[in-house]
Amino acid sequence: MGGGFGPLLSFLATTRGGLDGHLVGALRKARSSVQSSLVTRVIGIALAAVVIIYLSPKVYALGPSYFLRIVAVGVALGAIYALIAIGYTMVYGIVELINFAHGDVFTLGAFISLPLLVTPFWHLTEETGGGWGIVLPLIAVFLIVMLITGLINVGIERVAYRPLRNAPRLAPLITAVGVSFFLEGVMYLWKGAVNLHYPDLLPSNRFVGGTFSAKDVIVIVAAVILVAGLAFFVNQTKLGKAMRATAQDRDAARLMGINIDRTISATFFIGAVLAAAGGITYGLYINSVNNGLGFPIGLVAFTAAVFGGIGNIPGAALGGLIIGLIRATNDGYVDPQWTDVVTFAILILVLTLRPTGLLGMRVPEK
Amino acid sequence: MALLELEGVEASYGRIRALRGISLVAEKGEIVALIGSNGAGKTTTLRTISGLMHPAAGSIVFNGKHITNEAPDRIVQLGICQSPEGRRLFTRMTVVDNLRMGAYTRSNAGEIKKDMDRVFELFPRLKERRNQIAGTLSGGEQQMCAMGRALMAKPKLLMLDEPSLGLSPILVETIFDIVREINAQGTPVLLVEQNAHKALEIANRGYVLETGAIVQTGTGKELLESAEVQKAYLGM
């Protein structure tokens, strides 16, 4: 766990709103929106100008195919961040909890998939791997792991968050940190605190002068399919609409006959399903996982969720993509050691200048 | 047997007692008005019937069934639906989706469609704005949407909390006409109102609440003519 945790916790504890309260509702109310949007715009444009002036000679010097490679990696990583960020944002939207255990649920997905890659029915290792033969078994692994991880997250909500639903908001935040430690501990006891090799199953053919690899494409396509499935579920199905209704007004949802325990469970299930898929995708893409992975990656995904507008699902997807691109750009053109600094500087800037994020609520709440 | 019967219901918010033994009855086919000033316990009474709050003492019987400690979703299934104070629409959903949420506990698509048409007949404005985001509707339209949403549950008892609050006089007129129309079509209504005059005019019977207790009851006409009610609530 990082050292910056205490201030973050107390910050979150002091910002409480009503049912539709936002992360920094107080801050937003404190100043006139006209003034703040003008200040935000000026600072945003100034920052963008500085970044562009700073980066363009480097981009020019390293050539177009390097640039495309960075974009490919950025989009692929961004797609994985998006899968995690959606879980943060959905859970925040419905129970106003920053689920700090969510990153570890992502790692858990990768861990559960490791033994499942090798079963009596299929044998997905680097020796046997490759070719179209892996497609169906891999999809099966995805589905099984998503189901198991989803159910585990439903259990976590039951045990660690539901009993505290009417408690002050700091309480479930603390149990979320506790669950995070717990999951990391379980994975440590299971596999140890080492970097585990994750089998490199995806083809690594390259296209367009070596810029795009088949891996990038597969990761991006997988994420797009999952997000499209989620969008369909949330916007078109009865349960999905009930989840949105619960997020918008819990008591009104109850008065419509919606069982909010069930919709909240469903939210945790879906968040974990996407995070688990992200975990497997990450393993297949990076080929290395460890038990502590979820915390740093989770924080980046959380930043993505805030960037896009916490509580807003398309925002989380967009935020993930942008954060992935920014991190890849920084890795490729500046210095990888500064990538986390840049990421969390963005978190701070967004929280202070535009707490509702890129796609924050545009509609009056009441 | 009464449709809804509250017997000695007490409820509190923490240490503050909001209801101090409420007993009231609503029969099939009636409009029953609950009137009283701010903080008298009108909304709390509705919240307790809906199951959003559970009474500390007393019993609530609906259609011969004890619902005193049932969960809200179960109570909706049994046939009580409420249009809450302040409308409480799902502001980021369309009008049609809000109405569909009202029918959440129902599954017969054909009947739901029929009731949707009925709601659009009662509220032609909603039909015009069916695909608009509910948060962008005017106050009167939002109130119509909230009432329509509650009707979509096909309730055996419709509870309306302050349907005329914050509306222009002409819209207040419209809303009360529609309440009467809904009742005429066969749905009993439990109506909570600050606009005591209008409420008692259309109500078969009424109850007057003061600091969490019922202080007076009678037919709508009797209460309209009662000296205490005239003095306290009708400004005469």
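Within a 6.0 Å sphere centred on NZ of A/Lys238, heavy atoms belonging to other residues, nucleotides or ligands number more than 12.
Annotation: the span from B/Thr105 atom OG1 to A/Asn259 atom CG amounts to 12.0 Å, rounded to 0.5 Å. One distance of note links CE of B/Met101 with CE of A/Met256; it measures 9.5 Å at 0.5 Å rounding. Rounding to the nearest 0.5 angstrom, the gap separating the CZ atom in A/Arg244 from the CZ atom in B/Phe90 is 10.5 Å.
Nearest heavy-atom pair, B/Leu52 versus A/Arg254, reported as atom, atom and distance to 0.1 Å: CD2-NH1, 3.8 Å.
B/Arg74 does not touch chain A: none of its heavy atoms, backbone or side chain, sits under 4.5 Å away.
Of the listed residues (B/Arg87, B/Gln77, B/Arg149), the one with the most heavy-atom contacts under 4.5 Å to chain A is B/Arg149. Put simply, of A/Ala252, A/Ala242, A/Ala245, the one with the most heavy-atom pairs under 4.5 Å next to chain B is A/Ala245.
Judged as a side-chain hydrogen bond (donor to acceptor under 3.5 Å, both in side chains), and not counting sequence neighbours, B/Glu128 has no contacts.
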Starting from the C-alpha separation in whole Å, work towards a yes-or-no answer on salt bridge (charged side-chain N to carboxylate O under 4.0 Å, His left out) for B/Arg47 and A/Asp251.
CA-CA 10 Å; B/Arg47 284 175 66 86; A/Asp251 274 355; 3.5 Å; yes
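With hydrogens and angles disregarded, no donor-acceptor distance shorter than 3.5 Å links the side chain of B/Gln82 to the backbone of A/Leu255.
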